[in-house]
Amino acid sequence: MEANEKKQLELDKRYIRMAAIWAENSYCTRRQVGALIIKDKMIISDGYNGTPSGFENVCEDENGLTKPYVLHAEANAITKIARSNNSSAEATMYVTASPCIECAKLIIQAGIKRVVYSEKYRLEDGLNLLKRANIEVVYIDPNE
């Protein structure tokens, strides 16, 4: 591995750990997911899964199922950029769970060029869509 690749891997591991810590802000009990958007080695946005602003911080219904209006961490991070002066074009997203297909569409439209994740989801349609859009997809094993 080249020096630049080794340095990038160390950065990737650091940012994915930060995304995992950010996931702890989620009130969801089934799964807590965190996301960071990094550009030029700066965090330009962050997000975690949860309910929209102004809603009660309860993600699951009485049967333990996720409420349909809960936002994914990626969507929260991307929509936060929309309310700022930043641009996610050419940025990297670090997310603790692999993106679903809906979040993959948002990632593509946001101009994000690289996605690093640390937890595989049973469905890979989101990852496949990202790859089809020529977005670099990197898996980091959190146990390494």
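No experiment lies behind these values; they were computed from the predicted model shown. Numbers here simply count residues along the sequence, with the first being 1.
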State, with a plain yes or no, whether a side-chain heavy atom of K80 is found less than 4.5 Å away from one of D46.
-> yes
Distance in Å, I21 CD1 paired with L36 CG, rounded so as to fall on 0.5 Å steps = 10.0 Å
So, do Y69 and T51 sit near enough that their side-chain heavy atoms are less than 4.5 Å apart?
-> yes
So do E102 and H72 actually touch side chain to side chain, heavy atoms under 4.5 Å?
-> no
Here the pair of heavy atoms bringing A91 nearest to I112 is O-CG2, 3.4 Å
Scan side-chain atoms only and decide if Q8 and N4 contain a donor-acceptor pair under the 3.5 Å cut-off.
-> no
Can M93 be reached from V138 by stepping across I, L, V, M, F, W or Y side chains whose heavy atoms are under 4.5 Å apart?
-> no
Give a yes or no answer on whether the side chain of D141 reaches the backbone of N143 with a donor-acceptor pair at less than 3.5 Å.
-> yes
Starting at CG of L129, measure out to CD1 of I101 and round the result to the nearest 0.5 Å.
-> 5.0 Å
Test item: D40 side-chain N/O and M42 main-chain N/O as donor-acceptor pair under 3.5 Å = no
Just do the salt bridge (Lys or Arg N to Asp or Glu O under 4.0 Å) check on R114 and E90 with the steps written out, would you?
-> CA-CA 8 Å; R114 192 165 176 267; E90 305 297 318; over 6 Å; no
So how far is it from I44 CD1 to K39 NZ, rounded to the nearest 0.5 Å?
-> 5.5 Å
In terms of heavy-atom contacts, does CD of E60 have more than 12 from other residues, nucleotides or ligands at under 6.0 Å?
-> yes
When I135, V33, L106, L130 are each screened for side-chain contact (heavy atoms from CB on, under 4.5 Å) with P99, the one that passes is L130
Return the minimal non-hydrogen interatomic distance between C59 and G50, and the atom names on each side.
-> SG-CA, 3.9 Å
Sub-4.5 Å side-chain heavy-atom contact between L123 and C100 = no
Identify whether the distance between the nearest side-chain nitrogen and carboxylate oxygen of K7 and E2 falls below 4.0 Å.
-> no
Would you check if V116 and T92 make a side-chain contact, meaning some heavy-atom pair closer than 4.5 Å?
-> yes
Looking only at atom types and distance, does a side-chain atom of N86 sit under 3.5 Å from a main-chain N or O of S45, one as donor and one as acceptor?
-> no
CG of N85: more than 12 outside heavy atoms within 6.0 angstrom?
-> no
Is there side-chain contact between P142 and K13, with at least one heavy-atom pair below 4.5 Å?
-> no
Quick one: pull up CD1 in I43 and NZ in K41 and give me the separation to the nearest 0.5 Å.
-> 13.5 Å
same_hphob_cluster(V95, Y121) at 4.5 Å side-chain heavy-atom cutoff | no
Using modelled atom types only, decide if a donor and an acceptor are shared between the side chain of S88 and the backbone of A110 within a distance under 3.5 Å.
-> yes
Nearest heavy atoms of C103 and A75, plus distance in Å = SG-N, 4.3 Å
Applying salt bridge (Lys or Arg N to Asp or Glu O under 4.0 Å), run through E56 and K67 and close with a yes or a no.
-> CA-CA 12 Å; E56 75 287 348; K67 293 179 179 178; 3.1 Å; yes
Can you tell me how far the OH atom of Y139 sits from the CD atom of E119, to the nearest 0.5 Å?
-> 8.5 Å
Check step by step if side-chain contact (heavy atoms from CB on, under 4.5 Å) holds for T79 and L71.
-> CA-CA 10 Å; T79 54; L71 288 155; 5.8 Å; no
Taking every non-hydrogen atom, the tightest pair across A23 and G34 | CB-N, 3.3 Å
Using a 4.5 Å cut-off on heavy atoms from C-beta on, say whether the side chain of I78 contacts that of I107.
-> yes
Worked check of side-chain contact (heavy atoms from CB on, under 4.5 Å) between L127 and Y117 = CA-CA 10 Å; L127 294 175; Y117 70 100; 3.4 Å; yes
At what distance, to the nearest 0.5 angstrom, does CZ of R14 lie from CD1 of I140?
-> 12.0 Å
Aromatic plane relationship, Y48 with W22 - under 30° parallel, 30 to 60° tilted, over 60° perpendicular | perpendicular
Same cluster for V137 and I37 if Ile/Leu/Val/Met/Phe/Trp/Tyr side chains link at under 4.5 Å?
-> yes
Where the side chain of S118 meets the backbone of I16, is there a donor-acceptor pair that is under 3.5 Å apart?
-> no
